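In what follows, a single structure is set out as structure tokens and then discussed.
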Amino acid sequence: MKQHTLFGETKESDAGNESIVTLPPSNLPSFIPSEAGMCKFDLSFTIAATGKDLTSDSTVGIALCKEKGKAYYVPIRHSQGLNLTDALNIIKSYLEDTSIAKIGHNLKHDILMLRKEGVHVKGIIYDTMIGSYLLNSNKPDHSLENVALEYLLYKKRSYLEVIGKHHSFADVPIDEATLYAAEDAELAMELKELLFKKLWDEGLEGLYFNMEMPLIYVLADMEEAGIKIQRDRIRQLSKELDEELIKLRQKIFLLSGEEFNINSPKQLSKILFENLGLKPLKKTKTGYSTGMDILEELAKSHDLPGEILNYRTLFKLKTTYIDTLPVLVNKKTGRLHTSFNQTVTATGRLSSSEPNVQNIPIRGPWGTKIREAFVAEEGHILLSADYSQVELRILAHMSNDSGLIEAFKTNVDVHTRTAADLYGIPKEAVTQDMRRTAKTVNFGVIYGISPYGLSDTLKISPKEAGLFIGEYFKKHRSVQKYIEETLVSARTNGYVTTMLGRKRLTPEINSSNALTRQQAERMAINSPIQGTAADLIKIAMIGIWRRLKERGLKTRLILQIHDELLLEVPENELREVKNLVKYEMENAISLSVPIKVEIGCGKSWAEAH
DNA sequence: GCCGTCACG
DNA sequence: ACGTACGTGACGGCA
């Protein structure tokens, strides 16, 4: 059989090699693929697409680059060029070959686009976008334009410039298209060399190769899988909400004495603070604040603020979820496909967009109703697995605080224990109110506590808040010491790290502006904790994904919500998958306290969680 | 395009 | 006098 080759290499057939990625069974570092001589060569590639919005995106061509100055453009759906099948066969012979390492910028996107063409990228990958992210997670933009500008001092021509007066990329003359697409592939190849060295210098190579790169495949599968929602159920909710909103509007206008746009904070301010003469409690940049905490306070002296809050709740649920989710259901799959963004957050968490599946309502009756519309496919069950108090457990481990460690080892309620400490009473005497206060303090510690922040949340004076904080640190000297050490290290190194070595730069930590400096200090305290929790669940996701593949199970990971994983499980796999998921999550890394995962199952997300 | 607001962890 | 809890994304209003 004749093999297409672009670079003149000889290609041995590797029939039967079905492995996707093969990495050590658990944890980091150890093994750098192309350095270990596992790959024949590195190949940089990039997809040229029609652009527009993602749903109607279609692949026009693919550029392949083996070394600088040596790149090819394979037209797939270009107005001029190859027959589609021939083109795809050439592409497959490279991108499905596990003995070739692939380089790209935002590979998950390209991998997913190619899957729609029946091309399944396999093997070792290097994503330069994620390289840039690991080097500085504070940057808001890791696009190829930006990264090439920062590291190569190269100003790319904009996509719109290339399209020019043509209708789409498919109509750009093929010579020009080749230059443009090949340039992207070349840039990624150059960036890989440069960023790779920097990652190695900073000790980030383990995180890169053993966590973020494998995770690309996991996230691609999750996005591709999507989740089923019951559209008729949501439409029903929309009708109910409409009726409620109409009633609320009338009530509000009656209380206000006039009609106005309730959604306009400016118009609302006039009603509240001018017409009704209520006391404005806080200012924003543009006027008086009408935020939730303020309206809750004002609700004590007038009926209107409470109704405004009710209105806002329902309006939010309707516009952001009820009316939007059905529109985003994919026509082909009938399911909802989010994007999991791997290079957005400063701490190492994922984010989710279009739609954001990480902020689907859960509280209140409407939260339940909305989550009831997220369901398992026929013959399947949704399984939700939740880390319990994961950030506090991580704090216990990182600070090595004997009190916290003992609390988790003996499985007592940690907030109740903190309450007993704070009030100096036995656990049995702790009231619900005391426990709630202690819970807020525990969260506060993770957020980089301050008397002002705590007083604001607890609605007590900063002085009282300061007493709580003092009492907490008296009982948890190790936590206090840990925080101080973290700050010292941030000040001297200019960054903080997670347990797995993920970095967050802290450029403002020595600022002469106290406000700026204190803000940087809170970030420096919070990031190692939030970031370690992010590392933990990422390792668990890769572990689960591998085990599922190993055992040939049909179960799919569907969603990640920071400390929760949602899986869609065929009924007959449920028992096995429950154990598998719990094990991988609880043993992803080893702490000096147990890691606890709670599992729930059901036909809907509401039932499972 | 920014601001205020609010949904989630 | 100053005055913030950490991390996100999406909406409507308004320049």
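Not measured: the values here are computed from a predicted model. In what follows, every chain begins at residue 1, and chains take the letters A, B, ... in the order their sequences are listed.
Taken to the nearest 0.5 Å, the OG atom of A:Ser132 stands 4.5 Å off from the NE2 atom of A:His142. The line from CZ of A:Arg436 to CG of A:Leu458 is 10.5 Å long, rounded to the nearest 0.5 Å.
By the salt bridge (charged side-chain N to carboxylate O under 4.0 Å, His left out) test, A:Arg477 pairs with no residue at all, sequence neighbours left out. Evaluation of the ring pair (Phe, Tyr, Trp, His ring centres under 6.0 Å) rule for A:Phe260 yields A:Phe253 as partners, not counting sequence neighbours.
Across all strands, A:Ser527 comes closer than 4.0 Å to no nucleic acid atom at all (heavy-atom distances). Within 4.0 Å (heavy atoms only), A:Leu515 reaches at least one base atom of the nucleic acid. Across all strands shown, A:Val344 has heavy atoms under 4.0 Å from sugar-phosphate atoms exclusively, and none from any base. When heavy atoms are screened at a 4.0 angstrom cut-off, A:Asn356 is found touching the sugar-phosphate backbone but no base atom. The residue A:Gly291 sits close only to the backbone: its heavy atoms come under 4.0 Å of sugar-phosphate atoms, none of a base. Using a 4.0 Å heavy-atom criterion, one finds that A:Leu350 contacts no nucleic acid atom at all. Using a 4.0 Å heavy-atom distance criterion, A:Ala534 is classed as making no nucleic acid contact. Using a 4.0 Å heavy-atom criterion, one finds that A:Arg517 contacts no nucleic acid atom at all.
Under 3.5 Å, the side chains of A:Ser238 and A:Asp323 contain a donor-acceptor pair of N or O atoms. Using modelled atom types, one finds a donor on one side chain and an acceptor on the other under 3.5 Å when comparing A:Gln358 with A:Gln560. Side-chain contact check for A:His415 and A:Asn442: at least one donor-acceptor pair (N or O, by modelled atom type) lies under 3.5 Å. Inspection of the A:Thr338 and A:Ser352 side chains reveals an N or O donor paired with an N or O acceptor under 3.5 Å. In summary, the side chains of A:Thr416 and A:Asp413 do present a donor paired with an acceptor at a separation below 3.5 Å, with no hydrogens or angles considered.
To the nearest whole angstrom, the two P atoms, one in B:dA7 and one in C:dG3, are 26 Å apart. Atom P of C:dT4 sits at a distance of 12 Å from the matching atom of B:dG4, rounded to the whole Å.
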Identify every side-chain donor-acceptor pair in residues 287-295 of chain A under 3.5 Å, counting partners at least two apart or on other chains, and give the distances.
{"unit_1": "A:Ser289", "atom_1": "OG", "unit_2": "A:Gly291", "atom_2": "N", "d": "3.2"}
{"unit_1": "A:Thr290", "atom_1": "OG1", "unit_2": "A:Arg312", "atom_2": "NH2", "d": "2.8"}

Cut-off 3.5 Å, no hydrogens considered: what does the side-chain donor-acceptor table look like for residues 271-283 of chain A, sequence neighbours left out?
{"unit_1": "A:Asn275", "atom_1": "ND2", "unit_2": "A:Glu258", "atom_2": "OE2", "d": "2.7"}

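Electrostatic pairing of A:Glu568 and A:Arg335 counts as a salt bridge here, judged by a charged N lying under 4.0 Å from a carboxylate O. Under 4.0 Å is where a charged nitrogen must lie from a carboxylate oxygen, and between A:Glu372 and A:Arg233 at least one such pair does. Using a cutoff of 4.0 Å between basic side-chain nitrogens and carboxylate oxygens, A:Lys475 and A:Glu471 are scored as salt-bridged.
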**OP:** Convert the base pairs of DNA chain C into dot-bracket notation, remembering that pairs crossing earlier ones are written with [ ] and that bases paired across to another strand are shown as |; include only Watson-Crick or G-U pairs under 3.5 Å.
**Re:** .....|||||||||.
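Screening residues 454-464 of chain A for side chain to side chain donor-acceptor pair (under 3.5 Å) gives A:Ser461-A:Glu464 as the qualifying pairs, with residues at least two apart or on separate chains. Sorted by first and then second residue, the pairs that involve residues 480-504 of chain A and meet salt bridge (Lys or Arg N to Asp or Glu O under 4.0 Å), not counting sequence neighbours, are A:Glu202-A:Lys503, A:Glu212-A:Arg502, A:Lys481-A:Glu485, A:Glu484-A:Arg491, A:Arg491-A:Glu521, A:Arg502-A:Asp535.
Remark: aromatic rings of A:Phe468 and A:Tyr423 are close, center separation under 6.0 Å.
For residues 556-566 of chain A, proximity to DNA chain B is found at A:Ile561, A:His562, A:Asp563, defined as any non-hydrogen atom under 4.0 angstrom from a strand atom. Listed in residue order, the members of residues 311-324 of chain A having a heavy atom less than 4.0 Å from DNA chain B are A:Arg312, A:Thr313, A:Lys316, A:Tyr321. Listed in residue order, the members of residues 255-267 of chain A having a heavy atom less than 4.0 Å from DNA chain C are A:Asn261, A:Asn263, A:Ser264, A:Lys266, A:Gln267.
Between A:Ile561 and A:Leu559, some side-chain heavy-atom pair lies under the 4.5 Å cut-off.
Within a 6.0 Å sphere centred on NZ of A:Lys603, heavy atoms belonging to other residues, nucleotides or ligands number more than 12.
First and last contacting nucleotides of DNA chain C toward chain A (any atom under 4.0 angstrom from a heavy atom, 5' to 3' order): C:dG3 to C:dA15. When DNA chain B is scanned in the 5' to 3' direction for atoms under 4.0 Å from non-hydrogen atoms of chain A, the outermost contacting nucleotides are B:dC3 to B:dG9.
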